[in-house]
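Just below is one structure, and these are the notes that go with it.
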Number of protein chains: 2
Amino acid sequence: MTSSRVTLADVAARAGVSTALVSVVMRDAPGASAATRERVREAAAELNYQPDRRARLLRSGRSRLLGVVFSVTDAFHGDLVTGLYNAAGAAGYEVTLSAVTPQRDERAAVASLLAERCEGLIVLSLESSTAELADLAARIPLVVLTRAVRSRAVDVVRNDDCGGLHLAVDHLVELGHRRIAHIDGGRSPAAAQRRRGYGEAMSRHGLDAQIRVITGGATEVEGAIAARALLDDPPTAVTVFNDRSATGLLEVARGAGLDVPGDLSVVGFDDDRLARLGYINLTTVGQDAAAITASAVARVADRIEGRPVDQREVVATPRLMVRGTTGPVKGLTSSPA
Amino acid sequence: MTSSRVTLADVAARAGVSTALVSVVMRDAPGASAATRERVREAAAELNYQPDRRARLLRSGRSRLLGVVFSVTDAFHGDLVTGLYNAAGAAGYEVTLSAVTPQRDERAAVASLLAERCEGLIVLSLESSTAELADLAARIPLVVLTRAVRSRAVDVVRNDDCGGLHLAVDHLVELGHRRIAHIDGGRSPAAAQRRRGYGEAMSRHGLDAQIRVITGGATEVEGAIAARALLDDPPTAVTVFNDRSATGLLEVARGAGLDVPGDLSVVGFDDDRLARLGYINLTTVGQDAAAITASAVARVADRIEGRPVDQREVVATPRLMVRGTTGPVKGLTSSPA
DNA sequence: TTGAAAGCGCTAACAT
DNA sequence: ATGTTAGCGCTTTCAA
């Protein structure tokens, strides 16, 4: 019943060779004749041999293992984990996951990874304080994703949130919008970046920035509240802190009889699962998960292998995903004169 | 820079004792004086010692490690992973995660876990065929979650989908509904179970089962289509295959001017993130992730530890989450006569 | 209560 | 091309 007790020695005995030779064959290392290789592989297959990664890594000193801390509740983390597997595989590293759950905090997740002797850590999102991160970074190569860290001692890879709002505003201006509001996301670092990007882009176009500040956060409810505030004197377009908030706003705006995008164009941020749903179909600023994860793996590999690193922070370029909630300003298309 | 090279021997040297004793202390095993314990702990802390789990497990033969295969794209898997960490911890097991992504299939995820020498596997959802699962189950203790498996050779823990629809229908009947439709979810095993539960419950109440069959699946779009079909002659309530579909249905129903729950009560299934959103606030049948995961861990532990197992399939009891999309039948509350 | 020694499954030197 | 030996960091007899 419980096999998996097959070891190198078993394979060696069956193939009639030494364990060292089996090791060579299993690792595709040079130093074995084709005939032997064949025989060893056959024996291994017959015995259903699985190399024991732990023993292998214990002996060889290096683990080539990257620990990834992520949160099970965050949809975008799924995209990042996907990218990390790809990037790590390409770079010759394995990935081991450690989840943050409501009952398992970041500290626990990190400790578990440390006990597995990862060579480097990639941490998504974060409860940890800057000080904790700096401590950790002093112990092991570390890259923090998706958030800014106020420390010159920690490597960070993050999205260019500021640039993302430039994209959003440019898109709306191109469609003829001039009265564009921004629904703010509260006091997270990301919200500040996005607010700034909005302001910069508006000035660049010589437009008045009518920032609607909704303090407190990033949820559907807050988007809905913002929408109500907007209804008195609606702009022709809004950029919203994130997709969740934008979804709440859409809900209220449509409920109040506004046509989207006829009366109001809406741009979100994140390109999360919600935004892609057919019936929401939100135009939004997408983070480039593939680029972010590739940078993260490259960076942590540089640290592990002792290569010099020129900058602590890598900023990824976002992409505008044009969908159904943005359109030309009313009257613009219907004025062929 | 790169520490983490601290070993038991280092701690032993610093504390002035043998490595065996340090091992005892680190494992909280009996056989060391309080004074020694104190001294060893101090030394370990000073050196920032992290036990090497690999070496530990290699030596002790057992790994007490449970491998979990899950999908990064499925929100409910997040809940299950959360529960698995809790249950495994309580049972004295560690959890190691292996994700299925668009570029990493179940086979790869399982192979990686096997190489880590997990003692048991818990696999969520599944692309694998029944035959593959049966093969795997012959090699290592295995429990499959969230789906039925047509094989007497595989342990399964799943939700009582049929019973869930009994709950939903009972709730609606209690609110005075008699004309209740069911939006079907296509040809998955789960859809069949839910359809059956609906039919059974309706007969039990002596009601006519007006099943609206929408073939093809489980998405918002399909819910929306079903809603349109319903609009000609709407029932007073519907049970819907899942929350995603129910969300699409809500969208269309409200867009058509129906008041929910005034004109139409809606019950979903899954209690996924969407359902809990304030502005959707869907009454739904929740799967008991805690119970499912506890059963799964208990079952796999039984197998690992060689305890007899009486049944291959464990069925968890779902729970009705009453929220804002169900209410009394119109006229019933306003007829105090 | 404490220490010495063996060995988990594997890889890396070094021999042959 | 192949085998022998040693030892990764830890736990586990067994002896003191």
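Worth saying up front: this structure is predicted, and the values here are computed from it rather than measured.
Counting any heavy atom pair closer than 4.0 Å across all strands shown, Gly31(B) reaches a base atom.
For Ala291(A), the side-chain contact (heavy atoms from CB on, under 4.5 Å) test picks out Asp288(A), with sequence neighbours left out. Here Ala115(A) pairs with Gln50(B), Arg53(B) under the side-chain contact (heavy atoms from CB on, under 4.5 Å) rule; sequence neighbours left out. Not a single salt bridge (charged side-chain N to carboxylate O under 4.0 Å, His left out) links Arg59(A) to another residue, sequence neighbours left out. With sequence neighbours excluded, no residue forms a side-chain contact (heavy atoms from CB on, under 4.5 Å) with Asp135(A). The salt bridge (charged side-chain N to carboxylate O under 4.0 Å, His left out) search around Arg62(B) returns Glu119(B), not counting sequence neighbours. Residues passing the salt bridge (charged side-chain N to carboxylate O under 4.0 Å, His left out) test with Asp161(A), sequence neighbours excluded: Arg194(A). With sequence neighbours excluded, no residue forms a side-chain contact (heavy atoms from CB on, under 4.5 Å) with Ala294(A). Shown here are the salt bridge (charged side-chain N to carboxylate O under 4.0 Å, His left out) partners of Glu38(A), two or more places apart in sequence or in another chain: there are none.
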Would you list the atom pairs, donor with acceptor, under 3.5 Å between side chains in residues 81-90 of chain A and any protein atom, with sequence neighbours excluded?
unit_1, atom_1, unit_2, atom_2, d
Thr82(A), OG1, Gly78(A), O, 2.9
Tyr85(A), OH, Ala99(B), N, 3.1

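Comparing the axis of the opening five pairs of the helix from dT1(C)-dA16(D) to dT16(C)-dA1(D) with that of the closing five pairs yields an angle of 40°, rounded to 10°.
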>> Within the 4.0 Å limit for protein heavy atoms, which parts of nucleotides 8-16 of chain C are touched? Write it as a string from 5' to 3', B for base, S for sugar-phosphate only, - for none.
In response: BBBBB----

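With Arg64(B) contributing its side chain and Glu94(B) its backbone, the two residues share no donor-acceptor pair below 3.5 Å.
Using a 4.0 Å cutoff to heavy atoms of chain B, the contacted part of DNA chain D runs 5' to 3' from dG9(D) to dT12(D).
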